[in-house]
Amino acid sequence: MRHFLDELKEGLSIAFGAIRANKMRSVLTTLGIVIGIVSVTLMGTAIEGLNRAFNKSIAAIGADVLYVQKWPWGGGQNWWEIRNRRDINMQQARAIEKNAETAKSVSPLNSTARNVQFGRKLIENAIVLGTDEDFLETSNVNVALGRFMTSLEANGGRPVCVIGSEISENLFPSESPLGKVIKLGGYPYRVLGVLERQGSFLGMASLDNRVYVPISRFFKEFRSMHGGGLSIMVKAANLSELEETKEEVRGILRKARKLSPKQQDDFAINQQEIFVNFFNQIGGVIAAVGLFITGLSLFVGGIGIMNIMFVSVTERTKEIGIRKAIGAPRRSILFQFLMEAASLCLMGGIIGIIIAFPLSLIIDQVLPTAMPVSIVVIALLVSILVGVISGFLPAYRASRMDPVDALRYE
Amino acid sequence: MAIIKFVNITKMYQMGAEEVHALQGLNVEINKNEYVAIMGPSGSGKSTLMNIIGCLDTPTSGLYELNSVNVSEMNDNQLAKIRNKEIGFVFQTFNLLARSNVLHNVELPLIYGGVNSSERKKLAKEAIDRVGLGDRSLHKPNELSGGQRQRVAIARALVTRPSILLADEPTGNLDSKTGDEIMGLFDILHREGNTIILVTHEADIAAHAHRIVHIRDGKVERDEKVANRRVVQHSAAVSA
Ligand SMILES: Nc1ncnc2c1ncn2[C@@H]1O[C@H](COP(=O)(O)OP(=O)(O)OP(=O)(O)O)[C@@H](O)[C@H]1O
Ligand SMILES: [Mg+2]
C-alpha cells in the first residue's frame with residue numbers, strides 16, 4: 001500500500017513535471033476536454049434549472065388536478081370540431097361537484113382581462129377570474145392576508161374579490177387593501193383578502209397579477225365579453241387514482257352533456273401529464289443535443305490527448321529506458337503515463353469548470369438554477385476517465401518498450 | 001564462488017533478412033569480489049554481453065546463472081526485479097533523468113524497489129556522500145560537470161547495494177583526468193567488497209582490473225590476469 005502511494009507520488013510528480021515542461025502544448029491539448037466539460041456542466045446546469053422551474057410550476061398548479069375544458073392542451077385535433085363544441089357550463093360543474101366521489105374538490109373557472117382601478121391607480125388588463133370557494137384547495141394556494149370568498153358569497157354573487165400579491169403591491173403600496181373597494185372593468189368590488197405570492201410560470205404571465213371574484217357575478221358582469229366557456233378544476237382525492245377520477249368525471253360529463261354512446265367526447269380533460277411530457281421532451285432535446293456536443297468534444301479531446309501522449313512517449317523513450325534499466329516494472333511505466341494523461345484531462349476539466357461557472361450565472365438569469373455539485377463531480381470523473389482511456393494505448397506502448405532499444409534512442 | 005556463469009550464450013539480431021550474430025557461444029565465469037575488464041574491438045559484442053549480464057536483454061540461447069539462479073528464461077517483470085535488486089548499471093552517457101535533482105535520481109531505484117521514504121532518503125544520502133557529492137544533492141544534472149554526473153550515476157548504481165556493478169565504458173565521455181578520478185572511485189568500491197565488471201577500449205583503464213577478458217566476434221578470445229594493477233590513490237579519488 002505504502003509502495004503504491006510512493007509510486008502514485010512519483011507518477012504525479014512526473015506528470016506535472018512533464019506538463020510544466022510543455023505548458024503551451026498541454027493547454028492546447030486539453031482544449032477539447034475543456035470544451036467538453038464546459039458543455040457537460042452547462043447542460044447539467046440548464047437541465048437542473050428546467051427541473052427547478054418545472055417542479056415549482058407543478059407544485060403551484062398541482063399535479064393531482066384535472067382541467068375539464070373545451071380545448072385540449074397540446075392541440076393536434078380538428079380545430080373546427082373543437083371550435084364548434086358546446087361550452088362547458090355551471091350545471092356541468094355542479095353535476096361533477098355533486099356526483100364525483102373520487103374528487104376532493106371541484107371549482108369552476110373562467111377568466112377575462114380587465115382594467116383594475118383603485119382611486120387614481122390603474123392596472124391595465126389584469127386577469128380577472130371567476131371561481132368559487134373551493135378554488136383555494138383545487139389550486140393549492142394560500143391566503144396571505146384577510147380571507148377567501150365563502151360559499152355564500154360565491155353562490156350569491158356578492159361584489160367581493162380576492163387579489164393577487166402583485167395587484168396588492170401596486171394598488172395598495174402603503175395601506176391595507178382589506179375592506180377597500182376597487183373597480184374591475186368599472187364595477188365595484190370589495191377586497192376580502194390577498195393571496196400568497198406564487199411567482200410566474202416559466203416566464204409567462206405572472207400568477208400574482210390576478211383578481212378572483214365569485215363565478216356567478218363574473219357571468220353577470222364579464223361574460224358577454226368573453227363567452228360562457230368554463231373550465232372546471234377537479235382535484236382528485238388521491239393522486240395515485242387520478243386515472244379513475246378522470247374516468248368518473250368523464251362519465252358524469254358525458255351524461256350531463258347528453259352524449260350518446262356512439263358520440264365522441266366533445267370536451268377535454270387536461271392534466272399535468274401533458275405538461276410533464278412537454279417538459280420531458282424539452283429536457284430530452286436539451287440533454288440529447290448537450291450529450292452529442294459533449295460526446296463529440298470529449299471524443300475529439302480524447303484523440304488529442306492520445307496523440308500528444310504518443311508524442312510524449314516517443315520524446316521520452318530514453319527516460320523510459322533509464323527507468324526500466326534501474327528496475328521499473330511494466331506496470332509502473334504504464335501507470336506513470338496513465339497518470340500523465342489523466343492529469344492533463346483533469347486539468348482540462350478544472351479549466352472547463354472554471355469557465356463554465358460564470359456562464360452558469362448567465363443561465364441563472366433565464367432559469368433559476370445553480371451549478372449542481374453532482375455535475376462538477378461527474379465532470380471531473382469524466383475527464384479523468386477520458387484521460388485514462390485515451391492514455392492507455394500510448395502508456396501500454398511505453399510499458400512494452402525494450403529497455404536496450406529505449407536506452408539507445410537519441 | 002561464481003556470481004555469474006555464462007554457458008554457450010548466443011545473441012542473434014534480426015536485421016531485416018540478415019542475421020547478426022553478436023554473441024556466438026560465449027563462456028565465462030565471474031566470481032564474487034572480482035574486478036573484471038572486458039576489452040575487444042568495436043562491434044565484438046561487449047555491450048551485448050553487458051546488457052545480458054545486466055538483465056536488460058536476454059540471450060537467444062545458452063544458460064545464464066546469476067547467483068546460481070537461471071535468469072535466461074525469466075519474464076520481463078522478473079528481470080525488472082533483478083535489475084532493481086542485483087544490478088547496478090553505469091553507462092557511458094550517464095543516463096540521468098534531466099528534470100530530477102541528484103537526490104531524486106539516486107532515490108529512484110529505491111522507489112521502484114518499494115523502500116519507504118525515510119529509509120530511501122537515508123540510503124540515497126549515504127550513496128551521494130560515498131561518491132563525494134554531498135553538497136550537490138539538490139542540483140539538476142545539467143548543473144554538474146561530466147565527472148560529477150558519472151558520480152551521480154555511480155551513486156544510483158550503488159544505492160540498492162547490488163551484487164554486481166556493471167560499467168559500459170564509464171570513462172568514454174570524460175577527459176583522462178576525470179576518467180582517472182572515476183576509476184579511482186571504482187578501485188575504492190572494489191576494495192570495499194563490490195564485484196565490478198567494466199567495458200573499456202583503453203589498456204590504461206583496463207589495468208585497474210584484476211582480470212581482463214578479451215572478446216572477439218562474440219567469443220572470449222583471451223582471459224588474462226593483470227600483473228601490474230594500477231591503483232589510484234584514495235585521496236585523489238574522492239576529491240570531485
Ligand atoms: N539492436 C541491434 N540490432 C541489430 N544489431 C545489433 C543490435 N545491437 C547490436 N547489434 C550488433 O551486434 C554486434 C555487437 O554489438 P555491440 O554493441 O555489442 O558491440 P560493442 O562491442 O559494444 O561495440 P562498441 O565497442 O562499438 O561499443 C554489432 O555488429 C552490432 O551491429
Ligand atoms: Mg558498446
Side-chain angles (χ1 to χ4, degrees), chain A residues 1-23 25-26 312-337 339-340 343 395-410, chain B residues 11 13 22 47-48 50-52 54-58 75-101 104-121 140-141 153 155-160 162 166 168:
Chain A
M1 189 59 209
R2 199 181 48 220
H3 183 196
F4 176 78
L5 283 181
D6 279 344
E7 280 204 13
L8 190 81
K9 217 173 116 205
E10 173 72 12
L12 270 180
S13 84
I14 299 166
F16 285 108
I19 291 170
R20 221 177 308 123
N22 298 295
K23 283 189 204 76
R25 186 172 90 183
S26 306
S312 183
V313 166
T314 307
E315 277 176 356
R316 282 149 68 197
T317 302
K318 185 108 183 179
E319 176 193 324
I320 295 165
I322 295 172
R323 288 178 187 275
K324 289 202 144 196
I326 61 172
R330 280 181 180 172
R331 72 176 148 72
S332 297
I333 304 289
L334 184 84
F335 190 66
Q336 169 190 334
F337 282 96
M339 291 262 285
E340 186 172 328
S343 306
Y396 184 75
R397 185 203 260 183
S399 75
R400 306 288 294 197
M401 272 183 187
D402 179 71
V404 177
D405 289 344
L407 276 172
R408 200 181 285 131
Y409 184 88
E410 285 308 328
Chain B
K11 181 71 186 179
Y13 293 106
S47 293
T48 307
M50 287 294 263
N51 289 340
I52 292 175
C55 293
L56 283 169
D57 212 347
T58 47
N75 70 26
D76 230 58
N77 281 329
Q78 290 168 316
L79 290 176
K81 197 161 211 159
I82 300 242
R83 288 198 292 272
N84 187 255
K85 304 267 186 256
E86 308 289 342
I87 312 283
F89 224 121
V90 177
F91 302 91
Q92 179 175 357
T93 53
F94 322 134
N95 284 345
L96 300 174
L97 295 185
R99 278 204 289 268
S100 302
N101 64 23
H104 190 251
N105 265 292
V106 176
E107 247 188 309
L108 208 55
L110 300 173
I111 292 178
Y112 292 122
V115 178
N116 73 49
S117 175
S118 56
E119 177 76 1
R120 217 158 63 205
K121 293 272 184 306
K140 297 272 172 68
R156 181 180 64 187
L158 284 176
V159 75
T160 55
L166 300 176
D168 192 349

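Quick caveat: nothing in here was measured; it's all calculated off a predicted structure. In what follows, chains carry the letters A, B, and so on, assigned in the order in which the sequence lines appear, proteins first and then strands, with residues in each chain numbered from 1.
Side-chain contact check for A/R323 versus B/I111: every heavy-atom pair is 4.5 Å or farther apart. Contact check for A/R331 versus B/N77: no side-chain heavy atoms found under the 4.5 Å cut-off. Contact annotation: the side chain of A/D6 never approaches that of B/E107 to less than 4.5 Å [non-hydrogen atoms, C-beta and beyond].
When the salt bridge (Lys or Arg N to Asp or Glu O under 4.0 Å) test is applied to A/R316, the partners found at least two apart in sequence or on another chain are A/E319, A/E340. Listed by chain and number, the residues in a salt bridge (Lys or Arg N to Asp or Glu O under 4.0 Å) with A/K9 amount to none (sequence neighbours excluded).
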Working for side-chain contact (heavy atoms from CB on, under 4.5 Å), residues A/K324 and B/D76: CA-CA 10 Å; A/K324 289 202 144 196; B/D76 230 58; 4.0 Å; yes
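Around CZ of A/R397, the count of heavy atoms belonging to other residues, nucleotides or ligands within 6.0 Å does not exceed 12. No more than 12 heavy-atom neighbours from other residues, nucleotides or ligands sit within 6.0 angstrom of NZ on B/K81.
When all heavy atoms of A/P329 and B/A80 are compared, the pair lying nearest together is CA-CB, 4.0 Å. Of all heavy-atom pairs spanning B/F91 and A/A325, the tightest one is CZ-CB, 3.9 Å.
Chain B forms the most heavy-atom pairs under 4.5 Å with one residue out of A/P403, A/A328, A/S332, and that residue is A/A328. Per-residue heavy-atom pair counts under 4.5 Å with chain A were compared for B/L108, B/N51, B/D57, and the maximum is reached by B/L108.
Note that CG of B/D168 and CG of A/L407 are 10.5 Å apart. Values are rounded to the nearest 0.5 Å. The distance from the CD1 atom of A/I326 to the OG1 atom of B/T160 is 9.5 Å, given to the nearest 0.5 Å. Here B/N116 contributes atom CG and A/L5 contributes atom CG; the two are 12.0 Å apart, rounded to the nearest 0.5 Å.
Heavy atoms of A/A21 lying under 4.5 Å from chain B belong exclusively to its side chain.
For the side-chain contact (heavy atoms from CB on, under 4.5 Å) with A/I322, the qualifying choice from B/N105, B/L96, B/N95 is B/N95, the only one to do so.
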